[in-house]
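Below: one structure, written as structure tokens.
The structure displayed is predicted, hence computed values, not measured ones. The chain is numbered in sequence order, starting from 1.
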Amino acid sequence: MTDAPPPINPRHTALLIMDYQAGILGRLSESETLLARAAGAIATVRRRGGQVGYVRVAFEDADYDAVPAGSAMAAAVTRTGRGLDAGSPATAVHEKVAPEPGDIVVRKTRVGAFSTTDLDRQLRDRGITTLILAGLSTSGVLLSTVRDGADRDYRILVLEDVSADPDPEVHAFLTTRIFPRQARVITLADLDGVLAAGG
């Protein structure tokens, strides 16, 4: 018999909506469903008193020059040309889940949410100890951020049905076999109850 996990305090919790950008959503057939679920998750976290944060990949001029030629990100930059410009509509957070005043918003130039941002400092400054992650894609930002966040000693929850990958089999493998090693995988239907238990 295993002990139940301790309750999650919503006031020390942040929902991170990662890479919910027009250019990325456009690659997924289920984008409208995902947007509706993300909006539902945001509303639930706000209602329970949690913090909402947004992570997007976008480059300014100096960022392009700083990418080493042999890196994986260099290949993505080459493939998209200037399509990752910070001012491009393709890199903006989708309007259906857009940030509100007081939300955390960070711009990154690598896959994970932490390595090229001040996200960790912003979370620590707010007393955040638990992260609820939803991202596109599962094998990209979500995988990188689960691993990095766990190494930074955050308690991690993954919203399985508010995240997606271009390859559904990869999504299923990661959410059922890999993420449970470092995170609690839940669905949107679970979210309100999880937050209510600690509120």
Side-chain angles (χ1 to χ4, degrees), residues 1-21 34-57 93-94 96-108 110-138 140-164 171 174-176 178-199:
M1 179 180 194
T2 59
D3 294 332
I8 292 168
N9 185 334
R11 291 183 305 280
H12 300 291
T13 299
L15 166 65
L16 297 182
I17 301 295
M18 303 183 297
D19 294 3
Y20 261 75
Q21 302 167 226
L34 288 166
L35 283 166
R37 290 177 182 159
I42 292 165
T44 297
V45 169
R46 290 194 197 286
R47 187 175 68 252
R48 292 290 178 189
Q51 176 73 53
V52 177
Y54 295 83
V55 179
R56 71 182 186 115
V57 59
V93 175
H94 196 282
K96 290 185 179 179
V97 293
E100 295 182 3
D103 291 343
I104 295 170
V105 180
V106 297
R107 181 183 63 83
K108 64 190 173 91
R110 293 296 186 275
V111 176
F114 289 106
S115 68
T116 58
T117 73
D118 67 348
L119 178 60
D120 187 58
R121 182 187 56 74
Q122 291 199 51
L123 294 168
R124 304 278 182 203
D125 287 350
R126 289 167 171 82
I128 302 299
T129 57
T130 299
L131 303 181
I132 303 169
L133 305 179
L136 310 172
S137 64
T138 316
V141 67
L142 202 55
L143 176 60
S144 293
T145 306
V146 165
R147 289 287 174 86
D148 200 350
D151 279 351
R152 293 170 189 261
D153 299 320
Y154 289 101
R155 184 178 184 181
I156 308 287
L157 287 81
V158 171
L159 281 169
E160 182 272 334
D161 58 347
V162 189
S163 304
H171 175 81
L174 288 170
T175 56
T176 59
I178 303 300
F179 291 166
R181 298 175 184 177
Q182 294 176 301
R184 180 177 171 192
V185 179
I186 64 172
T187 66
L188 178 58
D190 301 322
L191 180 59
D192 191 58
V194 165
L195 295 175

Heavy-atom donor-acceptor pair, Arg37 side chain to Asp161 backbone, under 3.5 Å: yes
Smallest separation among heavy atoms of Ala38 and Tyr20, with atom names: CB-CE2, 3.7 Å
4.5 Å side-chain heavy-atom contact, Ile128 and Thr13: no
Inter- and intrachain pairs under salt bridge (Lys or Arg N to Asp or Glu O under 4.0 Å), touching residues 122-137, at least two apart: Asp120-Arg124, Arg121-Asp125
Rounded distance (nearest 0.5 Å) linking atom OG1 of Thr129 with atom CZ of Arg11: 11.0 Å
Considering all heavy atoms, the nearest Ala134-Ser163 contact: CA-OG, 3.4 Å
Donor-acceptor contact below 3.5 Å, side chain Thr117 vs main chain Arg107: no
Rounded distance (nearest 0.5 Å) linking atom NZ of Lys96 with atom CG of Leu34: 11.5 Å
Heavy-atom pair of closest approach, residues Pro180 and Leu174: CD-O, 3.9 Å
Nearest non-hydrogen partners of Ala183 and Val146, listed with the distance: CB-CG1, 4.3 Å
Check: His12 side chain, Gly127 main-chain N or O, donor-acceptor pair, under 3.5 Å: yes
Leu15 vs Leu159 side-chain heavy atoms within contact, under 4.5 Å: yes
pair Asp19-Lys108: side-chain heavy atoms closer than 4.5 Å: yes
Close side-chain approach of Ile132 to Val194, heavy-atom, < 4.5 Å: no
Test item: Thr130 and Arg184 side chains (from C-beta on) under 4.5 Å apart, heavy atoms: no
No-hydrogen, no-angle side-chain donor-acceptor test under 3.5 Å, Thr145 and Asp148: no
Note, Val106 side chain near Asp118 side chain (heavy atom, < 4.5 Å): yes
Heavy-atom pair of closest approach, residues Tyr54 and Ile42: OH-CD1, 3.5 Å
Side chain proximity check, Val93 to Ile17, heavy atoms < 4.5 angstrom: no
Between CD1 on residue Ile8 and CG on residue Leu131, distance to nearest 0.5 Å: 10.5 Å
Side chain Ser137, main chain Ala164, donor-acceptor under 3.5 Å: no
Pair listing, salt bridge (Lys or Arg N to Asp or Glu O under 4.0 Å) test, anchored in residues 39-56, at least two apart: Arg46-Glu100, Arg46-Asp103, Arg47-Asp192, Arg48-Asp192
Distance, nearest 0.5 Å, that separates CG of Leu133 from CG of Leu143: 11.0 Å
Nearest heavy atoms of Pro7 and Ala197, plus distance in Å: CB-O, 3.7 Å
Gln21 side chain reached by Val57 side chain, heavy atoms, under 4.5 Å: yes
Atom pair NE2 (His171) and CG (Leu142), whose distance is rounded to the nearest 0.5 Å: 8.5 Å
From Asp190 atom CG to Thr187 atom OG1, the distance as rounded to the nearest 0.5 Å: 3.5 Å
Under 3.5 Å: donor-acceptor pair, side chain of Gln51, backbone of Val45: no
